[in-house]
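Every chain is numbered from 1 and lettered A, B, ... according to where its sequence line falls, protein lines coming before strand lines.
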Protein chains: 2
Amino acid sequence: MSEISAAFPSPGHNHDHCVDQALADARSVCRRRGARFTEQRARVLELIWQSHRPLGAYQILDQLRTEGRSAQPPTVYRALDFLQDLGLVHRLASLNAYCGCVAPGAQHQSQFLICRECGVVAELREQAILRVVTEAAVSRGFRIDETSIEVAGICPDCARKPSR
Amino acid sequence: MSEISAAFPSPGHNHDHCVDQALADARSVCRRRGARFTEQRARVLELIWQSHRPLGAYQILDQLRTEGRSAQPPTVYRALDFLQDLGLVHRLASLNAYCGCVAPGAQHQSQFLICRECGVVAELREQAILRVVTEAAVSRGFRIDETSIEVAGICPDCARKPSR
DNA sequence: ATTAAATATGTTACATTATAACATATCATT
DNA sequence: AATGATATGTTATAATGTAACATATTTAAT
């Protein structure tokens, strides 16, 4: 696999394509793993992919409810757990929110750039970052299981619009 | 400033020294910044420093209460906010918990190695990590405000004890 | 087709983490 | 002693997440 790390989605990109891709990937991952891609799960994933902004569990819940589905917190958290287990969504600990994974299926320890202005997230997979973190850990005798690397700041688009 | 990053505290280290150091540092930072190092704040900091394991806000609250202090959540969160503002404690987003800062006062974007077995945390300040993260961000036009880099795994001491 | 097992969802209740809002107290300076 | 700023007390509630058990749906074997 090539090491092309995604940047921020351009404001004018065809987002329908992102959604279609995400749903197709999900179906494929589920098929491969013998997991069921149910209506609920598909809908939760679709809601998460409605933008590149992470969504809180209760935001998802509210949207499900306005669609007339009977929904309680466990409905959402179960779907989220499922999607996380399959590597289809990520939980951002610094936000208590969930975003779609840009390259599901693959092994990954991603890193996240989070814009405080517009909320958009860019998921990176920089081998260089993982490498240097691993080095630091190893040199202290620490065995890494999982990384949570989240960086808050200002994205290029918001940087262009000054004074807000 | 030298780039000596702390490793895991050795199991047999003199922890009283850590506590004394932390309290002394806190007093000094407060004096320098014209902030009041009140009894409450001191006590909260001391509780956080009772070990190298991060403590949840409600764990702190419980301990304050067993000491006979009247205490409610805001008591604790205010102290924590104060201590965080002064760089005396860190919040670990992946745990919703708080740990003492090992080198308060200085500028810092630290990284944390968190043992899932024993809960001990090592705070690193690896320029190399910060550098490569910054590079990745800059190359995408992202301006970093704050990093949250937390790594879960197994610390050297727990790795030595097998089968647990 | 029928049943049994596994998996998924519904539902109620509650646990955990964090904050808002306003009253009171303490401190630092005049 | 009076004032303003800072800190704490107190009540209530918001936001996030989970436990536990009932029901439904799917899958696969009979």
Side-chain angles (χ1 to χ4, degrees), chain A residues 26-27 29-48 53-65 67-86 88-99 119 148 150, chain B residues 26-27 29-48 53-65 67-86 88-99 119 148 150:
Chain A
R27 251 180 278 277
V29 166
C30 287
R31 199 173 313 118
R32 208 162 50 234
R33 304 267 296 259
R36 297 185 206 159
F37 193 55
T38 63
E39 270 303 308
Q40 293 254 35
R41 291 163 175 178
R43 189 60 193 130
V44 168
L45 184 61
E46 211 178 350
L47 286 171
I48 286 176
R53 274 171 262 271
L55 224 50
Y58 281 76
Q59 290 180 284
I60 295 169
L61 182 56
D62 288 344
Q63 296 204 42
L64 289 180
R65 281 174 169 164
E67 294 172 4
R69 300 175 186 251
S70 120
Q72 296 297 329
T75 307
V76 173
Y77 283 104
R78 281 169 186 155
L80 289 172
D81 287 347
F82 173 87
L83 295 169
Q84 281 181 269
D85 286 346
L86 268 69
L88 296 168
V89 310
H90 296 287
R91 177 171 193 276
L92 298 179
S94 65
L95 299 178
N96 295 335
Y98 305 80
C99 66
S148 165
E150 304 175 17
Chain B
R27 252 180 278 278
V29 167
C30 287
R31 199 172 313 117
R32 206 162 52 234
R33 304 267 296 257
R36 298 186 205 158
F37 193 56
T38 63
E39 270 305 308
Q40 295 255 36
R41 290 165 175 176
R43 189 62 193 129
V44 169
L45 185 61
E46 211 177 350
L47 286 171
I48 286 177
R53 273 171 262 272
L55 224 49
Y58 280 76
Q59 291 180 284
I60 295 169
L61 183 56
D62 288 345
Q63 296 204 42
L64 289 180
R65 281 173 170 165
E67 294 172 4
R69 297 174 189 251
S70 119
Q72 297 297 329
T75 308
V76 172
Y77 283 103
R78 280 167 186 158
L80 288 172
D81 287 348
F82 173 86
L83 295 168
Q84 280 181 271
D85 285 348
L86 269 69
L88 296 168
V89 309
H90 296 288
R91 177 172 193 276
L92 298 179
S94 64
L95 300 177
N96 295 334
Y98 304 81
C99 67
S148 165
E150 304 175 17

For [Y], does its backbone N or O pair with a side-chain atom of [X] as donor and acceptor, under 3.5 Å?
X	Y	answer
R65(B)	A71(B)	yes
R43(A)	L64(A)	no
Q40(A)	T75(A)	no

Between [N] atom [atom2] and [X] atom [atom1], what is the distance in whole Å?
X	N	atom1	atom2	result
L83(B)	dA7(D)	CG	P	12 Å
F37(B)	dC27(C)	CZ	P	16 Å
Q72(A)	dA22(D)	CD	P	18 Å
D81(B)	dA20(C)	CG	C1'	13 Å
R31(A)	dT27(D)	CZ	P	14 Å
Q59(B)	dA18(C)	CD	C1'	15 Å
I60(A)	dA15(D)	CD1	P	16 Å
R43(B)	dT8(D)	CZ	P	15 Å

Can you tell which of [options] lies closest to the side chain of [X]?
X	options	answer
R36(B)	dA8(C), dT11(C), dA5(D)	dA5(D)
T75(B)	dG17(D), dT10(D), dT12(C)	dT10(D)
P74(B)	dA7(D), dG17(D), dA20(C)	dA20(C)
Q40(B)	dT9(C), dT8(D), dT16(D)	dT8(D)
N96(A)	dT19(C), dT16(D), dT11(C)	dT16(D)
Y77(B)	dT11(D), dA18(C), dA8(C)	dA18(C)
R41(B)	dA7(D), dT16(D), dT10(D)	dA7(D)

- Task: Identify whether any heavy atom of R69(A) sits under 4.0 Å from a base atom; if not, whether one sits that close to sugar-phosphate; answer base, sugar-phosphate or nothing.
- Result: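 If one applies the 4.0 Å heavy-atom cut-off, R69(A) turns out to touch nothing in the nucleic acid.
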- Just call it for Y98(A): base, sugar-phosphate, or nothing, with non-hydrogen atoms closer than 4.0 Å on any strand.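 Result for Y98(A) = sugar-phosphate.
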- Message: Is S70(B) close enough to dT8(D) that one of its side-chain N or O atoms is under 4.0 Å from OP1 or OP2 there?
- Response: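 The answer is no; no side-chain N or O of S70(B) sits under 4.0 Å from OP1 or OP2.
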- OP1 or OP2 of dT25(D) under 4.0 Å from side-chain N/O of T38(A):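 No, because none of the side-chain N or O atoms of T38(A) sits under 4.0 Å from OP1 or OP2 of dT25(D).
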- Task: Measure the OH-CD1 distance between Y98(B) and I60(B) for me, rounded to the nearest 0.5 Å.
- Result: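 Output value for this atom pair is 8.0 Å.
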- Nearest-0.5 Å distance, CZ of residue R69(B) to CD of residue Q63(B):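 Going from the CZ atom of R69(B) to the CD atom of Q63(B) covers 11.5 Å.
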- Report yes if the ring of Y58(B) lies under 5.5 Å from the six-membered base ring of dT16(C) with planes under 30°, and no otherwise.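 Here Y58(B) fails the 5.5 Å or the 30° condition.
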- Message: Is there, by distance only and without an angle test, a donor paired with an acceptor across the side chain of R78(A) and the base of dG10(C) below 3.5 Å?
- Response: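 A donor-acceptor contact between them is present.
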- In terms of heavy-atom contacts, does CD of E39(B) have more than 12 from other residues, nucleotides or ligands at under 6.0 Å?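 For E39(B), atom CD is not crowded (no more than 12 foreign heavy atoms under 6.0 Å).
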